[in-house]
Amino acid sequence: GEPKDSIKSLSQNRLGELMPIENADNLFTELYEQIMALEKYDANANMSHEMMMARVKKYLSSKQYDIEFADIIEKWGTDAYNQITEVAHYDFSLTKDTFERYLEIHLRAIAPLLDAAILTARWGKEWHIKLFGDILIKLCIKPFKSGERWIVETSYIHALAPTLLLNTIGIACVKYGRFKELNNILKLSVPAGNFMGFYRHPLLYLLGGTHWTYETWNNLIGATYCYPFSLFFLEQLEPIFKDYLITKSEYENVFYIWEHLKSLMYGYNKCSLIEFSVPMGNFLYKR
């Protein structure tokens, strides 16, 4: 209705604006719907990492948020895919500097997905975790462009983001006993047009081991490890799990259980293309 003179006077004194409304119910209903729309379609803008994770927890807390959860996880997956694909040009020699530059890009692209994967393994239902399998497949895809040139060794950089995400999912599922859900992910395959070429491959063949030699890995990370890729992922993911595992030794133990399990599943699912083999790792010493 029309404001009284006292309300007009107060508004003028406070340099305010009067907003005509029909009634409070309609006002707050419309306001709520518009805020929810902004949250849904502008999930990353001006939002801290902590706020994004708070939203994931909220969406996992009730079935009524199933659509919102799927929307936000799929959006982060698409954003990561677009960021990585935008720089997926591999016509250069692989060096320590280029490796570090692409690693930074990949980590930044999947940052919200890593923490969200841990929260989902802890609190989510089976279908929540399945969404991350779909994202792993998407991140393995490397669209072919006519006339494009690339160096095969360098193109394996494309595996960084999905391998980091797979290891995060694996560690979290071992930690929280989500073995059925983890098994469903480890049985997935990736269609043709992935970073390994023009054939469908098991997900574990693409991400379960390494396509670089140990010597190449040591050169890229400046180390002399027996299993450099194993220790690389151990060290990269430790900060992400610091709030979920009490001590460093607990984190390392869960990591090596996961790495051992991954190796066994690689062999069980016959992921080696030529003859039976399984990826090794530092779990051989530490398990």
Side-chain angles (χ1 to χ4, degrees), residues 52-53 56-57 59-61 66 69-70 72-74 76-77 80 106-107 110-140 159-190 202-210 229-269 271 278-283 286-287:
M52 288 191 282
M53 292 311 106
V56 171
K57 291 177 183 178
Y59 292 163
L60 287 170
S61 68
D66 283 355
F69 179 84
I72 198 169
I73 298 301
E74 288 168 356
W76 288 342
H106 282 227
L107 279 171
I110 62 171
L113 289 169
L114 297 179
D115 273 310
I118 301 172
L119 293 172
T120 305
R122 184 176 187 180
W123 304 111
K125 297 181 176 62
E126 184 175 348
W127 79 266
H128 290 125
I129 299 173
K130 182 179 181 296
L131 287 175
F132 288 88
D134 298 335
I135 292 173
L136 285 170
I137 292 174
K138 188 180 187 71
L139 293 176
C140 287
L160 280 174
T163 305
L164 286 161
L165 181 57
L166 174 65
N167 278 278
T168 300
I169 294 168
I171 297 167
C173 284
V174 170
K175 162 68 177 173
Y176 296 113
R178 308 302 296 268
F179 295 105
K180 177 184 176 183
E181 294 83 351
L182 179 58
N183 184 51
N184 290 336
I185 289 176
L186 297 184
K187 292 190 298 184
L188 294 173
S189 65
V190 180
L203 181 71
L204 270 181
Y205 168 72
L206 296 179
L207 307 178
T210 177
F229 62 91
S230 177
L231 288 163
F232 168 79
F233 289 110
L234 174 75
E235 293 167 3
Q236 285 293 322
L237 296 176
E238 183 180 355
I240 298 167
F241 281 93
K242 69 181 186 302
D243 294 330
Y244 303 96
L245 293 156
I246 299 171
T247 63
K248 181 177 181 179
S249 60
E250 184 192 7
Y251 165 70
E252 291 180 349
N253 193 48
V254 175
F255 177 89
Y256 289 129
I257 292 172
W258 149 244
E259 191 176 50
H260 192 176
L261 177 64
K262 178 181 64 174
S263 177
L264 292 170
M265 291 299 294
Y266 188 103
Y268 180 78
N269 288 322
C271 294
V278 294
M280 298 293 101
N282 213 46
F283 71 89
K286 299 290 188 177
R287 175 69 176 83

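Being a predicted model, the structure only gives us computed values, none of them experimental.
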**Study point:** Non-hydrogen atoms of Leu60 and Leu119 that approach each other most closely
**Key:** CD1-O, 3.7 Å

Point to revise | Arg122 side chain reached by Ile118 side chain, heavy atoms, under 4.5 Å | key: no

**Study point:** Pairwise distance CE(Met52) to NZ(Lys57) - rounded to 0.5 angstrom
**Key:** 13.5 Å

Check your understanding: At their closest point, which heavy atom of Leu182 faces which heavy atom of Gly170, and how far apart are they?
Key -> CD1-CA, 4.0 Å

Exercise for review: Please examine the side chains of Leu107 and Gln236, heavy atoms only from C-beta on, and report whether any two atoms are closer than 4.5 Å.
Suggested key: yes

Practice item. Could you check if a side-chain atom of Phe229 sits within less than 4.5 angstrom of a side-chain atom of Asn282, using non-hydrogen atoms only? Key: no

Practice item. Check the pair Leu186 / Leu166 against side chain to side chain contact (heavy atoms under 4.5 Å, CB included), numbers first and verdict last. Key: CA-CA 9 Å; Leu186 297 184; Leu166 174 65; 4.1 Å; yes

Review point. With no hydrogens and no angle check, do the side chains of Asn167 and Glu259 hold a donor and an acceptor under 3.5 Å apart?
Key: no

Revision key, fill the gap. Of all heavy-atom pairs linking Gly209 and Tyr266, the shortest is N-CE1, 4.4 Å

**Study point:** Shortest non-hydrogen contact between Tyr244 and Asp115, atoms and distance
**Key:** OH-OD1, 3.6 Å

Review point. Minimum heavy-atom separation for Phe132 to Leu113, with atom names?
Key: CE2-O, 3.7 Å

Check your understanding: Is any side-chain heavy atom of Pro112 closer than 4.5 Å to a side-chain heavy atom of Met53?
Key -> yes

Review point. Would Glu181 and Lys130 pass as an ion pair if we require N to O under 4.0 Å?
Key: no

Review point. Under a 4.5 Å cut-off applied to non-hydrogen side-chain atoms, are Leu207 and Cys140 in contact?
Key: yes

Exercise for review: State the CG-CG distance between Asn269 and Asn183, to the nearest 0.5 angstrom.
Suggested key: 7.0 Å

Exercise for review: Apply the test side chain to side chain contact (heavy atoms under 4.5 Å, CB included) to residues Phe69 and Leu131: give CA-CA distance (whole Å), side-chain angles for both, the deciding distance (0.1 Å), then the verdict.
Suggested key: CA-CA 10 Å; Phe69 179 84; Leu131 287 175; 3.7 Å; yes

Review point. Do Glu126 and Lys180 have side-chain heavy atoms sitting under 4.5 Å apart?
Key: yes

**Study point:** Phe179, CZ: over 12 other non-hydrogen atoms inside 6.0 angstrom
**Key:** yes

Exercise for review: Calculate, to the nearest 0.5 Å, the distance between atoms CD1 and OG1 belonging to Ile169 and Thr120 respectively.
Suggested key: 9.0 Å

**Study point:** Side-chain donor or acceptor of His128 paired with backbone N/O of Lys125 under 3.5 Å
**Key:** yes

Exercise for review: Just do the side chain to side chain contact (heavy atoms under 4.5 Å, CB included) check on Lys248 and Glu238 with the steps written out, would you?
Suggested key: CA-CA 8 Å; Lys248 181 177 181 179; Glu238 183 180 355; 3.5 Å; yes

Practice item. Determine the minimum heavy-atom distance between Ile185 and Leu203, stating which atoms define it. Key: O-CD2, 3.6 Å

Point to revise | Separation of Phe283 CZ from Leu261 CG (nearest 0.5 Å) | key: 10.0 Å

Point to revise | Test item: Ser263 side-chain N/O and Pro279 main-chain N/O as donor-acceptor pair under 3.5 Å | key: yes

Review point. Would you say the side chain of Tyr256 lies within less than 4.5 Å of the side chain of Tyr251, judging by non-hydrogen atoms?
Key: no

Practice item. Look up atom CD1 in Ile171 and atom NZ in Lys262, then write down how far apart they are to the nearest 0.5 Å. Key: 9.0 Å

Review point. Are Val190 and Leu136 close enough, and set up right, to give a side chain to side chain contact (heavy atoms under 4.5 Å, CB included), and what steps lead you there?
Key: CA-CA 9 Å; Val190 180; Leu136 285 170; over 6 Å; no

Check your understanding: Does Ser230 reach the side chain of Phe255, with side-chain heavy atoms less than 4.5 Å apart?
Key -> yes

**Study point:** Salt-bridge contact Lys175-Glu250 (side-chain N to carboxylate O under 4.0 Å)
**Key:** yes

Review point. In Å, rounded to the nearest 0.5 Å, how long is the span from CG of Leu231 to NZ of Lys286?
Key: 8.5 Å

